[in-house]
Every structure is written in structure tokens, then in C-alpha cells.
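Hydrogens, waters and symmetry mates are skipped; everything else that's a heavy atom, side chains included, is used. Both ligands and their constituent atoms are indexed starting at 1 by order of listing. Keep in mind that this is a model prediction, so the values were computed, not measured.
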Amino acid sequence: MPELPEVETIRRGLRKIFLGRVFSEVIVHRPSTLRSDPAQFASKLMGCRVQEIGRRGKHLLFALSGDATLLVHLGMTGQLTVQPPETPLRPHTQVVFRFIRGRLDLRYRDVRRFGYLQLVPTSQVSYLPQIAQLGPEPLSITYEELAGRLQHRRGKIKPVLLSQTAVCGLGNIYTDEVLFAADIHPEQPANTLSPDQLRRLQAALIEILTAAIEAGGSSIDRAYVRVDGSPGTYQQHHAVYGRAHQPCYCCGTPIRRYLLSGRSTYFCPQCQRLP
Ligand SMILES: [Zn+2]
């Protein structure tokens with residue numbers, strides 16, 4: 001599933017192409033992918049200019065003229081790619097956006113259909129339940145904010161990080177990578193992290209997510225691609241995720257994979273110990 005680095009890579013790619021563009025046509029091939037009335041969705045977008053493309057957690061936010069924001073959540077397999085209009089539609093393409101004097105279409109495709117698009121008044125975006133509940137952004141969270149967000153959470157640190165409410169944007173891959181980089185066991189209760197561990201966690205969030213963005217995100221089974229259709233390359237740098245039974249890069253101990261709260265979890269039993 002696309003996590004913060006993948007969504008941020010897409011945001012940057014789209015921004016270069018579509019900032020300032022005006023929608024000229026919206027073709028909805030699968031109406032149920034919209035959390036808005038399909039006819040109103042298309043007519044409201046027509047003539048709107050893309051003023052900014054932002055991100056909150058794993059949500060893309062197209063700020064448009066006319067107090068409208070187009071929210072896109074990619075779910076498990078959502079893809080936003082840029083194609084010339086004459087390129088044949090791939091199966092599972094759900095929405096196509098065209099732009100005035102634009103040589104390129106923006107296409108939304110989603111094989112597993114967990115993603116959605118929603119058009120909302122810009123003034124109401126921060127009140128949407130899925131936005132209002134988000135914790136701070138991990139690339140800018142302060143030590144005090146992180147400590148404050150975890151001090152009353154008695155759950156295991158990995159599910160707490162996945163919850164989006166302590167920090168936002170993390171999914172299964174980067175939670176495992178960040179906890180490994182911070183030498184923290186995925187099952188340590190969040191409220192028991194020492195000041196040293198919190199500092200390591202904060203540093204690991206910035207280090208891992210920044211490196212992943214620079215690599216264009218992680219592409220596994222090509223579920224996620226950049227806006228030009230190319231895969232990211234950060235999967236080549238994973239230290240634990242997808243490396244079950246292979247030696248830890250730090251200590252040589254085989255990486256262990258098991259299920260934690262129903263999610264595949266990879267960690268080094270030697271480097272990541274419970275206190
Ligand atoms: Zn190790």
C-alpha cells in the first residue's frame with residue numbers, strides 16, 4: 001500500500017505537471033470510486049484551476065479555485081499516472097482527467113478498489129474524520145510532540161505507529177524499517193519508550209522517510225508506480241522488510257518475520273530487544 005514516501009513522490013511528480021492547469025473534462029468509468037455524486041463531481045471540477053497539490057498523511061489534496069479540494073486516497077493499489085490522451089486505457093482505470101491546453105491526461109487506476117476520490121469545500125477539509133484524526137507529520141514532528149503522542153498509549157509501538165493518530169503516513173513497510181533503524185522492538189508498549197528511544201525514533205522517522213522519498217518510494221509487485229509509470233527503488237534498500245531469514249546488516253542474525261496484529265512484521269531479534 002502506498003505510504004508517505006510513495007504519496008509524496010506522486011505529489012511532487014503531479015505538481016510539476018499540473019500546477020496551474022484548468023480541468024476541461026472528467027470521465028468517470030467507475031462511479032463507486034467517488035465519495036461524491038458523479039455528475040456533480042464532474043461538473044464542479046470543470047473550469048477549476050489546480051492551485052496547489054498538498055499532502056496530509058497518505059492523502060493527496062488538490063487545492064482548486066472556487067473553494068474546492070479534490071482529496072485522493074490511493075488505498076492499497078491506487079495509481080495516478082500521466083498519459084497522452086491517445087494511449088489506450090489500461091484495465092481498472094476508473095477516472096480520467098483532462099486539462100485545457102494540456103497534452104497529458106491524469107488517470108486514476110485501482111485494481112483492488114480500496115482507494116477513493118472525494119470533492120469537498122476547502123474550508124471543510126480539516127474537519128473530515130479521516131483528516132481530523134491524523135497525528136502530526138513524521139518529517140516535522142518535534143521530540144515533545146512525539147513524546148506527548150505516545151505517553152498515554154499502552155499499545156504495542158508498531159500498531160500505535162500504524163494507527164495514523166500518533167504520527168501519520170506510516171504503513172507496514174516503513175514502520176518496520178523505522179523501528180529497526182531506531183533499535184526498538186515492534187511489541188514494546190508505546191508509553192514505555194525511554195527518552196533515548198524516543199530520540200532515536202524521531203531521528204529514524206526523518207532518516208528513513210527522507211531516503212525513501214529520494215529513492216521515489218518502494219515498489220513491490222508494481223502495485224505502486226510513479227506518475228510516469230516507473231517503479232520506485234527504495235525496496236532495494238530495505239533493511240528488514242521482505243528479508244525474512246536473511247542476515248541482519250548490523251549483526252548477521254537472521255531477520256524474523258511473524259504476524260503482529262494481523263500484519264506481517266519483520267525485525268532483528270538481536271538488534272531490537274524488549275527492555
Ligand atoms: Zn541485527
Q: Dump the intermediate steps for side-chain hydrogen bond (donor to acceptor under 3.5 Å, both in side chains) on Tyr241 and Ser218, then the final yes or no.
A: CA-CA 11 Å; Tyr241 189 87; Ser218 301; over 6 Å; no
**Q.** For Arg11, all residues meeting salt bridge (charged side-chain N to carboxylate O under 4.0 Å, His left out), sequence neighbours excluded
**A.** Glu8
Q: Applying ring pair (Phe, Tyr, Trp, His ring centres under 6.0 Å), name anything that partners Phe99, two or more places apart in sequence or on another chain.
A: Phe18, Phe23
(Q) Give me each pair satisfying side-chain hydrogen bond (donor to acceptor under 3.5 Å, both in side chains) with a member in residues 197-213, each pair once, sequence neighbours excluded. (A) Gln188-Gln197
Q. Under 2.8 Å from the Zn ion (ligand 1), which protein N/O/S atoms are there?
A. Cys248 SG, Cys251 SG, Cys268 SG, Cys271 SG
Q) Would you call the rings of Tyr174 and His238 parallel, tilted or perpendicular, where under 30° means parallel and over 60° means perpendicular? A) perpendicular
Q. Between Arg30 and Ser32, does a side-chain hydrogen bond (donor to acceptor under 3.5 Å, both in side chains) hold up when you go through it step by step?
A. CA-CA 6 Å; Arg30 186 168 179 275; Ser32 61; 3.2 Å; yes
